Amino acid sequence: MDTELQSPGLAYAGLSRHIDFDALPEPGDRFVLETLIGEGTYGEVHAARDHQQNGDYVAVKILEDITDNIEEIEEEFLVLRDLCLHPNIPQFYGMFFKPGRKREDDQLWFVMELCSGGSVTDLIQTLTRVGQTLTELQIAYIIKETIDALLYLHQSHCMHRDVKGHNILLTKEGRIKVVDFGVSSHLAATLGRRNTSVGTPYWMAPEVIACEQQYDYSYDVRCDVWSLGITAIELADGEPPLADIHPMRALFQIPRNPPPTLKRPADWSPSFNDFVSHCLVKDFEKRPFMRPLLEHPFLKMVPNNVDYVRVQLRDLIRDVSKSGGRPTRQPDVTTKQGRLKTDRKAKPQRIFVDDLASLERLTEDVIVEQLQQRYRAGQIYTYVGDILIAVNPFTNINIYGEKVGTGLSVTGSHL
Ligand code: 4QG
């Protein structure tokens, strides 16, 4: 049989119930890729021109390792296909299959509306560097439009699960679009509850983190309310709480710490502080759902006619792009089924339990094995409840800054 005559998409026949690979069009020379504008966990996003539409700009999200990532790809496809008519979700122009020379070079292209203002994280970080902040009205507007998108997802029985500033984009008109549905989840189960752990550590709700360790835990759409509260802090402070500690450590801290607050509460109105604490209720059973948040005084200050706020944001984006462009950023560390993923090419790292007390079976063998595995992975510290075990590395492993590091020249004796 001459395989050259077969459609390349046939290689994926039967992989997906929702995507018919054999029937997908190829991008051909319709789209010409330009700048790389973002790198997420599952692929790169490029600005591109659509030569079937007068060379109009579009965003192309390129997904590789199709077989390995099929669940995320399906999820994102379904959300874009079915929900992209909402004003706060980018338009979806279609999915294309670009065969590579080898199967591992095959790509899927999601072609979508370009949000040329970039992410609200880029905006706030650039402002922070020049000692500026967003106004409360601007923050309230961004949060309100984000809620509109999330509420629509929730009503469609879908949770986003990775709400954060990087996934909130601005159009050149100063409109808000929520993106990145690769870890979103349709709630098929009757109760609409989930028990897999996904998201980006600093924004993750305590109950989602708990699902990493205990299989009898579950969570619902209110995990997006927590992440929204963290995003509100990010928009005010320039970064989420715990941003300066290792993501693994953050996963350990979030369920144990009291709910975070704005860094300098006195700099902000009582209603903004109150809004944040409304979202950041640790027990999700006591946390509000998305809809009632729209009634909060903080969001009530957003006028019906938001043209004026959009013009302000449009001008801000323009000023910021003049002043030397955007900070280049490292992709966030995300989690996928209990593993940390640093970038899309990396194999997910196993998350060793941070606290051995949470292990189901706690024997000497298990403890020694865990310590050994962690040590091999360069992790010398391990908790068992309140006890911290340190395994001497007998070398400088550069985990402390200058201040602490100088006092730690290795002179230790063997255990
Ligand atoms: C999209 C534009 C960054 C991403 C999905 C559309 C994922 C962008 C974008 O991303 N436009 C991002 C500019 C998009 C920048 C749409 C930038 C949908 N930093 O300049 Cl699922």
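Order of appearance sets the numbers: ligands from 1, and atoms from 1 within every ligand. It should be emphasised that the depicted structure is a prediction, and the values quoted were computed from it without experimental measurement.
Residues Leu137 and Pro303 have side chains in contact (heavy-atom distance under 4.5 Å, counting atoms from C-beta outward).
Of the listed residues (Ile37, Thr121, Leu123), the one carrying the non-hydrogen atom nearest atom 9 (C) of ligand 1 is Ile37.
Residue contacts with ligand 1, taken as heavy atom pairs separated by less than 4.0 Å, involve Asp180 solely via the backbone atoms N, CA, C and O.
Close contacts between ligand 1 and Glu76 involve ligand atoms 21 (Cl) [criterion: under 4.0 Å to a heavy atom]. Applying the 4.0 Å criterion to heavy atoms of Ala59 picks out, from ligand 1, the atoms 1 (C), 6 (C), 11 (N). Heavy-atom proximity to Asp122, at under 4.0 Å, picks out these atoms of ligand 1: 19 (N). Numbered from 1 in the order shown, with element, the atoms of ligand 1 that lie under 4.0 Å from a heavy atom of Glu113 read 6 (C), 11 (N).
Between Glu76 and Lys61 a salt bridge is recorded (basic side-chain N to carboxylate O distance below 4.0 Å).
Heavy-atom contacts from other residues, nucleotides or ligands closer than 6.0 Å to NZ of Lys98 number 12 or fewer.
Figure legend: Arg310 and Tyr141 shown without cation-pi pairing, the cationic atom not lying both under 6.0 angstrom from the six-membered ring centre and within 45 degrees of its axis.
Ligand 1 lies nowhere less than 4.0 angstrom from a heavy atom belonging to Lys177. Residue contacts with ligand 1: Pro90 is included, with a non-hydrogen atom under 4.0 Å away.
No option in Phe110, Trp109, Phe31 other than Phe31 meets the ring pair (Phe, Tyr, Trp, His ring centres under 6.0 Å) test with Phe96.
Residue Met112 places no N or O, backbone or side chain, under 3.5 Å from any N or O of ligand 1.
Note that the CZ atom of Arg291 and the NE2 atom of His154 stand 12.0 Å from one another [nearest 0.5 Å].
Between Phe77 and Phe92, the ring planes are perpendicular. Angles over 60° get that label, and only those under 30° would be called parallel.
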